[in-house]
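Structure first, then comments.
Heavy atoms only: backbone and side chains are in, while hydrogens, waters and symmetry mates are out.
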Amino acid sequence: MGAGTSPADRAASATGAAAEQAEGTADAAAEAPAADTADGPAEGSDGRTGSHPEPGPDASPAARRSRRFPSFTRDTARPEGGGRAAGGDAPAPARQWPLLAVLCTAGAGLLIVAADPFDEAFRIGTILIGVALIGGAVLRLVVPSVGMLAVRSRFTDLVTYGLLGVLIVMLALVAQPKPWLDIPFLEDAVHFTIR
């Protein structure tokens, strides 16, 4: 027995699964249209068209699944746009080019910040990281299939990438000393909260 399970739990789940299967069978039987017409059966005695394969000998109406949403999900649906960005015959990096573009741009920004090769390198590298996230939001909006750049729904990814990118760019622009962007009310708010 696994942790957290008991014989009563197993019996209840087996009874629930049998009841759900019987309910699915009843739903399928009620929804099945009559295959026979006045002229006789239409292209197969069970109403199937020629494009659907014949079920195996062990296939029965009881094996059909219920149309109800399961109470417990067993897997995660792939987000919209989560397919390959390039065909299967393309090399592996080319299939994920949107994700690689965002990661390489953000990596270049991190490299500039870490190496600090010139004045204001921190600011420029941080802006580059924010621009990478904004670019990810634009790619998620424009490109229909972005591969692993698609994490959640399109709307959630757009809001997440876009908002984080804009915030990082804004923080890089107002960073001290000698900020590139001066927001007067921000300085007053900081003085008011620190007093």
Side-chain angles (χ1 to χ4, degrees), residues 2 17 20 24 28 43-44 48-56 58-59 63-183 186:
E20 184 178 325
E43 203 176 320
R48 287 189 314 271
T49 61
S51 63
H52 293 91
E54 182 106 351
D58 60 342
R64 292 185 185 168
R65 291 183 171 253
S66 173
R67 298 177 103 193
R68 292 185 181 197
F69 192 76
S71 57
F72 296 105
T73 56
R74 291 176 177 78
D75 59 354
T76 304
R78 192 166 64 181
E80 51 182 296
R84 292 176 175 165
D89 57 339
R95 283 182 248 147
Q96 298 296 332
W97 69 266
L99 178 68
L100 285 175
V102 171
L103 287 178
C104 287
T105 308
L110 285 172
L111 206 65
I112 290 172
V113 170
D116 198 19
F118 51 86
D119 287 345
E120 304 291 337
F122 165 77
R123 193 179 313 269
I124 291 173
T126 309
I127 289 173
L128 201 56
I129 294 169
V131 166
L133 287 170
I134 294 171
V138 170
L139 284 173
R140 188 72 173 96
L141 178 65
V142 175
V143 179
S145 185
V146 291
M148 291 190 334
L149 190 63
V151 178
R152 296 166 196 87
S153 69
R154 189 178 302 266
F155 176 76
T156 306
D157 284 345
L158 283 173
V159 169
T160 305
Y161 293 147
L163 191 63
L164 286 175
V166 168
L167 284 175
I168 289 172
V169 169
M170 291 299 292
L171 286 172
L173 292 175
V174 299
Q176 298 291 332
K178 297 183 258 169
W180 287 2
L181 179 65
D182 187 29
I183 303 174
L186 187 62

Would you please name every residue forming a side-chain hydrogen bond (donor to acceptor under 3.5 Å, both in side chains) with R95, sequence neighbours left out?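 In terms of side-chain hydrogen bond (donor to acceptor under 3.5 Å, both in side chains), with neighbours along the sequence ignored, R95 is linked to no residue.
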List for me each residue that meets side-chain hydrogen bond (donor to acceptor under 3.5 Å, both in side chains) alongside T160, sequence neighbours excluded, and say none if there are none.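 For T160 there are no side-chain hydrogen bond (donor to acceptor under 3.5 Å, both in side chains) partners, ignoring immediate neighbours.
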Which residues pass the side chain to side chain contact (heavy atoms under 4.5 Å, CB included) test with L158, not counting sequence neighbours? A137, R140, L141, R154
Using modelled atom types and a 3.5 Å cut-off, is there a donor and acceptor pairing between side-chain atoms of [X] and backbone atoms of [Y]?
X	Y	answer
Y161	L149	yes
D157	A150	no
T126	F122	yes

Indicate the atoms forming the closest heavy-atom contact of Q96 with V146, along with that distance.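 Looks like OE1-O, 4.3 Å.
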Is the closest side-chain heavy-atom distance between W180 and I127 below 4.5 Å? yes
For the [atom1] atom of [X] and the [atom2] atom of [Y], what is their distance to the nearest 0.5 Å?
X	Y	atom1	atom2	result
D116	I124	CG	CD1	10.5 Å
T105	L100	OG1	CG	10.5 Å
L173	D182	CG	CG	11.5 Å
R123	L171	CZ	CG	11.0 Å
L139	I134	CG	CD1	12.5 Å

With respect to L133, which candidate in V166, V138, L164 satisfies the side chain to side chain contact (heavy atoms under 4.5 Å, CB included) definition?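 Looking at V166, V138, L164, the match for L133 under the side chain to side chain contact (heavy atoms under 4.5 Å, CB included) is L164.
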